[in-house]
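Because only heavy atoms are used, hydrogens play no part in the values below, and waters and symmetry mates are left out as well, while side chains stay in. Numbered from 1 within each chain, the chains take letters A, B, ... in sequence-line order.
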Number of protein chains: 2
Amino acid sequence: MAIKHSSQSGMTIADVARLAGVAPITVSRVLNQPAQVKPATLEKVRRVIEETGFVRNQIAGALASNRSRLVAVIVPMLTNPIFSDTFQAIAEKLAAADYQVLLGTSGYQAQHEQELLEVILSRRPDGIILTGTLHTEDSRKRLRATRVPVVETWDISPDPIDMLIGFSHEDTGRAIALHLLAKNYRHFALLSVDDPRGSLRAKSFIHTLSASGINDVQQHYFSGLPTLQQGREGLSALLASTPRPLMVVCTSDTIAHGVLTEAASRGIKVPEEIAVFGFGDMNFAAHTFPPLSTVKIDGKQIGQLAASALLDRLKGDDSAAIYRDIGFTIIDRDSTFNG
Amino acid sequence: MAIKHSSQSGMTIADVARLAGVAPITVSRVLNQPAQVKPATLEKVRRVIEETGFVRNQIAGALASNRSRLVAVIVPMLTNPIFSDTFQAIAEKLAAADYQVLLGTSGYQAQHEQELLEVILSRRPDGIILTGTLHTEDSRKRLRATRVPVVETWDISPDPIDMLIGFSHEDTGRAIALHLLAKNYRHFALLSVDDPRGSLRAKSFIHTLSASGINDVQQHYFSGLPTLQQGREGLSALLASTPRPLMVVCTSDTIAHGVLTEAASRGIKVPEEIAVFGFGDMNFAAHTFPPLSTVKIDGKQIGQLAASALLDRLKGDDSAAIYRDIGFTIIDRDSTFNG
DNA sequence: ATGAAAGCGCTAACAT
DNA sequence: ATGTTAGCGCTTTCAT
């Protein structure tokens with residue numbers, strides 16, 4: 001018997017069935033519920049699959065079963081490394097459970113996210129993982145109307161769409177302010193990114209200082225992704241105008257790293273002359289010169305929990321609605337004075 | 001007439017057609033070839049879609065048309081920022097052309113990539129973008145057998161699977177060696193990542209020095225992704241054992257940045273006492289202290305060209321097979337001596 | 001443990 | 001410009 005050798009995938013489950021002398025549904029079972037197939041049959045079918053290089057068509061499978069095994073993930077910007085750990089963790093965990101990731105980037109724009117969502121929903125994903133909680137009203141309505149499980153990440157909100165894994169950026173900003181006030185710092189400057197969550201941290205930080213009677217905080221806001229350059233330029237600008245000693249708080253470790261770099265290049269001693277505080281505890285933070293005091297956010301954990309929550313739901317585990325504040329940890333290193 | 005208000009997507013094209021008083025195929029045309037539909041009909045159908053919140057089912061569409069509008073992208077590791085620009089560019093360009101990205105991470109393992117490929121092919125992507133040219137024999141065979149357009153990126157190879165956009169890592173390693181020899185550097189050290197492409201650059205670098213009679217190159221290889229920490233530890237180790245002046249060549253800007261950081265922390269002058277050379281020209285390279293001499297790789301361009309090549313092919317533009325060496329640029333900054 | 005029939009929601013390939 | 005018909009390749013459901 002001449003077996004058709006081709007991975008051309010003109011081949012279907014029916015072709016495999018014919019060659020193996022079984023019905024198409026049996027091939028389907030071999031692929032999806034091998035436990036229900038007699039070992040001999042299993043082997044017979046698998047050999048045909050092996051020999052022909054047959055590759056199943058999951059599109060047809062998804063249509064027939066109404067389950068796509070696709071999870072859509074929307075990230076603001078792939079070039080912002082703050083989300084990399086989260087994204088990587090999500091992709092790994094889903095892949096291990098035989099789900100694939102459909103990727104979208106929103107560019108930090110809720111309107112763009114909304115358009116993306118329309119495209120994404122047309123793919124009938126089994127779940128959706130979003131970054132942040134700032135969506136258009138239309139997006140929320142649409143997502144709530146579909147019965148697709150949704151996980152929002154990296155923020156918390158009083159009325160999540162569905163599940164949520166994040167932390168409070170307001171709490172973070174306040175905690176940083178209180179922490180540094182307790183260290184007796186009084187002359188502050190703020191270098192902030194202008195993305196929604198960074199701005200939230202910045203605002204809360206400023207507000208908390210204000211409540212302690214500190215209103216002379218020099219503030220610089222940078223648009224676009226945080227860079228080393230912004231930190232260097234930020235410190236340069238501050239040095240021209242602000243009295244030392246100075247505590248420079250940054251809403252991104254990357255900017256803080258730039259501040260440290262500028263300080264080193266000028267021979268300014270950190271933390272003696274200028275102190276620096278970051279955000280994120282990115283992988284370089286413990287190894288800057290001097291090591292950077294910052295707030296640790298466990299991005300990998302966010303990703304793992306988000307993926308797990310989704311997978312549990314997809315397994316039919318409709319237990320208590322998931323709403324999880326993973327918090328944050330202030331880490332004192334040598335870029336601030338530790339009395 | 002009572003219109004069924006629901007985004008529940010129990011709604012189909014047939015429901016929309018009934019409500020609009022047209023045939024299903026007309027709704028399909030409104031969605032896919034609106035130019036072929038009379039304006040009045042167009043508006044009628046669009047109003048029903050708007051009012052009902054109907055979301056098309058692209059799974060069914062893909063099955064019927066045999067085009068998924070999905071492009072699979074395989075990246076070694078999302079947490080390695082060297083690929084971020086490429087990945088972001090790909091995602092943006094494809095999204096603009098109404099293609100979605102199906103993401104996979106290979107973890108730098110060809111075997112894992114092969115398994116991923118099987119899953120991916122079952123989704124019937126219209127195209128595949130791969131990182132690197134090191135694939136298992138099985139992967140190559142499978143990809144060649146399917147008629148799916150493939151673009152390999154970030155490397156070149158004598159026999160690409162299909163299209164290719166990259167540069168030669170061997171040429172890069174050699175060029176760095178020759179460039180630094182021409183600057184009269186003679187005492188070299190190498191800090192390298194151990195990923196396939198990094199190793200290729202390292203090997204070629206060492207080999208070129210050897211051809212010039214330099215065989216006493218201190219070499220350290222780091223596993224895992226490049227980090228600042230590796231650079232700091234690398235320099236510390238070198239200082240214990242190697243004579244100065246010293247030219248430290250790194251196969252990653254991140255490691256080089258760590259070397260600069262360690263030097264700054266010890267008060268070692270760069271480039272007077274120690275010179276440093278990196279790879280990638282990542283966004284921080286021009287802003288380290290001192291600014292880092294390195295090799296610029298235009299990752300964004302790789303992504304744009306890869307996506308364009310694929311889109312052209314998908315448009316039926318079967319012009320000359322694409323094989324493009326985008327090259328690299330050596331950038332002299334202040335971490336090396338520029339006589 | 002395996003099979004037969006029906007259909008998932010859409011679009012290609014013809015009509016008209 | 002619009003409609004009719006016949007699938008796409010699989011899985012569901014109900015038999016046997």
At 4.0 Å (heavy atoms only), tell me whether A:A23 reaches a base, stays on the sugar-phosphate, or touches nothing. sugar-phosphate
Tell me whether the OP1 or OP2 atom of C:dC10 has a side-chain N or O from B:S65 closer than 4.0 Å. no
When you measure from the side-chain N and O atoms of A:N32 to the phosphate of D:dT11, is any distance below 4.0 Å, counting only OP1 and OP2? yes
Starting from P on D:dT11, measure out to CD1 on A:I59 and report it in whole angstrom. 13 Å
Of B:P24 and A:G61, the one whose nearest nucleotide on DNA chain D sits closer to the 5' end is B:P24
Mind checking if B:L63 touches a base, just sugar-phosphate, or nothing, with heavy atoms under 4.0 Å? base
For A:P160, the option from A:L164, A:D162, A:I156 that meets side chain to side chain contact (heavy atoms under 4.5 Å, CB included): A:L164
Do the rings of B:Y108 and B:F83 sit parallel, tilted or perpendicular, given the 30° and 60° boundaries? tilted
For a quick check, tell me whether the side chain of B:R29 and the base of D:dG3 share a donor-acceptor pair closer than 3.5 Å. yes
How many Å lie between CD1 on A:I25 and C1' on D:dC10, as a whole number? 9 Å
Which nucleotide in D:dC10, D:dT2, C:dG3 has an atom nearest any side-chain atom of B:T41: D:dT2
Return the value, rounded to whole Å, for the distance between atom CD1 of B:I49 and atom C1' of C:dC10. 14 Å
Of the listed nucleotides (D:dC10, D:dT13, C:dC10), which one gets closest to any side-chain atom of B:A64? C:dC10
Is the count of non-hydrogen atoms from other residues, nucleotides or ligands lying under 6.0 Å from B:N66 atom CG greater than 12? no
Round to a whole Å and report the spacing from CZ of B:R56 to P of C:dT11. 6 Å
Just N and O in the side chain of B:T26: are any of them under 4.0 Å from OP1 or OP2 of D:dT2? no
To the nearest Å, how far apart are A:N66 CG and D:dT11 C1'? 11 Å
Hey, could you give me the CG/CD1 distance between B:L116 and B:I128, rounded to the nearest 0.5 Å? 10.0 Å
Take the protein atom CZ of B:R67 and the nucleotide atom P of C:dG9, then report the distance between them rounded to whole Å. 21 Å
Is the CZ atom of A:R144 crowded by more than 12 outside heavy atoms at less than 6.0 Å? yes
Could you state the CD-C1' distance from A:Q33 to D:dT11, rounded to the nearest angstrom? 9 Å
Would you tell me if any nitrogen or oxygen in the side chain of B:S28 comes within less than 4.0 Å of OP1 or OP2 on C:dT11? yes
Integer-rounded Å distance: D:dC8 C1' and A:Q58 CD: 16 Å
Across the strands shown, which category fits B:I13 at heavy-atom distances under 4.0 angstrom: base, sugar-phosphate, nothing? sugar-phosphate
